[in-house]
Engineer: 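What follows is a structure written as structure tokens; I'll ask about it next.
Convention: sequence-line order gives letters A, B, ...; per-chain numbering from 1. In what follows, every heavy atom counts, from backbone to side chain, and hydrogens, waters and symmetry copies are set aside. Keep in mind that this is a model prediction, so the values were computed, not measured.
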Amino acid sequence: MYRHMQKYTNIIIVFFILLAFVVVAYRTIFLNDFWVIETKEELLDDSPVDI
Amino acid sequence: MNQVMHGSLVQVCSDADPGIFGLFDFSVAPPLLYYLYVPMLLLLLIVAAYLFRNQRHNKGAVGLMFLNLAIAGWIVFSIIAWIAVPTYLVYLAWQYTYLFETLIYSFAVYLGYVFYWGNDMGGKLKLGLLLLWSPVLALSSTPLLIRYFDVTHCEGVPGQLVSFVIHPLEITSTLIVGYFFARACIDSWKSYKNREKTERMLLTGSVFLFVAWFFVFLFLSTISGIWEFEVFALLGAVIAIGFLGYTISRFKTFQLKMFGIEMFVLSLFFVVFSMLFIHDPNFFRIITVITLVLVGIIGYLLVRSTRKELATKQKGERLTRYLANANARLRELDKQKTEFVSVASHQLRGPIAAIKGYSSMIRDGSFGDVPEKLQEPIGRIFDSGKRIALMVDDFLNVTRIEQGRMTYAIKRQNLCALVMNAIQELQVLGEKKGLSFVFNCGETHEKPVWIMADEGKLQQVFSNLVDNAIKYTPEGSITLTLHMLEEHASVVVSVKDTGIGIPKDEQEKMFHKFNRASNANTATVYGTGLGLYIAKEIVRAHNGWIHIQSEGEGKGTEFLVELPLAPEETKEETKQREQKEIEEYKTTHHGTAPTEVVENELPRT
């Protein structure tokens, strides 16, 4: 089993790396799943941020 | 809260114009970005392509190729993060930059491992490395990587993943590579001047230089918010990558000093080039300091190596002059020696002829009867005189050969008759010793074998070979055979004896001057060790070849002399030659013509 896995180690690694890139691209471009603020200085304020 | 909005609500960064296709605005980024990032990107891609083309089977080179591609990806998305207009694209570029950073450090660890251990990383370790970075891969699409997107500054605000996972992992990776480098340094230090260990040290060292440099400047850029630090991070990367690529490809012809100077010059070029685009006086000062340091190091290295090289060159010139003088002196001495031997030999000839002549006459009774008790001493005087005469002839021949003064009167000769004449006297000597003598002209007996040769010189060769055979054969036989080699248009004369033989390792040396076989009894058997040398030179002058064959001590010896056949003669040429021979005969025999010339009837013994 392990020998079998070792043969495909490189493919497994490349798969996970590509998957991460694809998921990031999908969520960002198609789902627009990220938060935008006017300026990061706001974060320095103590006021609570309501998401 | 209207401060925080979903990404889809804001489409463009507030400070950007809708540039090309509404995606990119090239005016936003400072010119330095294009002037430094783009050439570096090209350089990285060129090195990657070169490694892919030429070093595909080298694990280290493949690792370096991927590292190059990861850095290239990082540069591309850094540029996109600057010039992209829609927020989603800038946001994506920010995330991808972190992902590429992950890859850069992973490949650096992989490279450090491959360079240190000299082989590929095992599957378990590779998966371990993947596991180490898996939180980054898994969580990269969540707000843990980029918490918010600052639309005013058009940049991401890094999340907890960056502070608590990415930066610690980057430090860990740098330390792992540093560990490989430290071990390689210790190994190299322990085995002084071991080429392979030095190579490992340089390779792991350059990977360490790269990750440490890259990490420090990126970290400085993050905490200080000064973007220009990123440029320095890349500068180090390019120098280290160039260093690595060059080391991998060229290590076999690697000259450390020269290479070091080349690398310094390259980095100096980059640093000075970047000064053109920096207007900030503080940065200008930093870069000037770096330039000064580099110039100092390069200058020192150049002066030192030039001084060393000059000293070596002067030493070499002195040695060359000395050797040339010594050589000229040796030539002069050799010439004087040859002349001395030549003169001495000529001077010896006269007295020796007198000794030989008078002792022979006394022995034969020309001066009256010789008392019996004087006959033996006189016989010895005669024999010694004869030996000295032969020795002097050998010396003179060697002198002539060395001075290139040996002349050959080449004529068409019947080889069988020539050999017969050469051995006639010796045959009697051999038979007296109790040796049986066989001379076999073979198929050549039916038809004369013509060769182009100097009769006297070639006779000397065969009489020498037969004389040796008699001297070194205590009992048994001596056989002379002629073989035709039609395919080579040549004839081979074999002189074979059943004597003491020659050890195999000495056979080649037998044709050297003053060389005699170790088993030859030099005390009782007379010889100068020049006979075979002269024979070889004479045969070579006839475009022939002489070879020795012996199965070893006590197993007899065979000498093979191969000579090229003479070209076919036309009837007219035969007639002319025969006429000339008759005239020569008349001259030497006071005008009497030969009664009969019988060429083919040679006695068989």
Engineer: Could you label the plane-to-plane angle of the B/Tyr105 and B/Phe215 rings as parallel, tilted or perpendicular, counting under 30° as parallel and over 60° as perpendicular?
Structural biologist: perpendicular

Engineer: Kindly say whether the aromatic ring centers of B/Phe115 and B/Phe180 come within a distance under 6.0 Å.
Structural biologist: no

Engineer: Side chains of A/Thr28 and B/Gln95 only: does a donor on one sit below 3.5 Å from an acceptor on the other?
Structural biologist: yes

Engineer: Can you list the residues of residues 129-138 of chain B that sit under 4.5 Å from chain A, counting heavy atoms only?
Structural biologist: B/Leu130, B/Leu137

Engineer: Under the side chain to side chain donor-acceptor pair (under 3.5 Å) test, which residues partner B/Tyr37, sequence neighbours left out?
Structural biologist: B/Glu230

Engineer: Donor-acceptor pair, B/Tyr96 side chain versus A/Phe21 backbone, under 3.5 Å?
Structural biologist: yes

Engineer: Under 3.5 Å, is there a donor-acceptor pair linking the side chains of A/Asn10 and B/Lys126?
Structural biologist: yes

Engineer: Does any heavy atom of chain A fall under 4.5 Å from the side chain of B/Leu103, the backbone, both, or neither of them?
Structural biologist: side chain

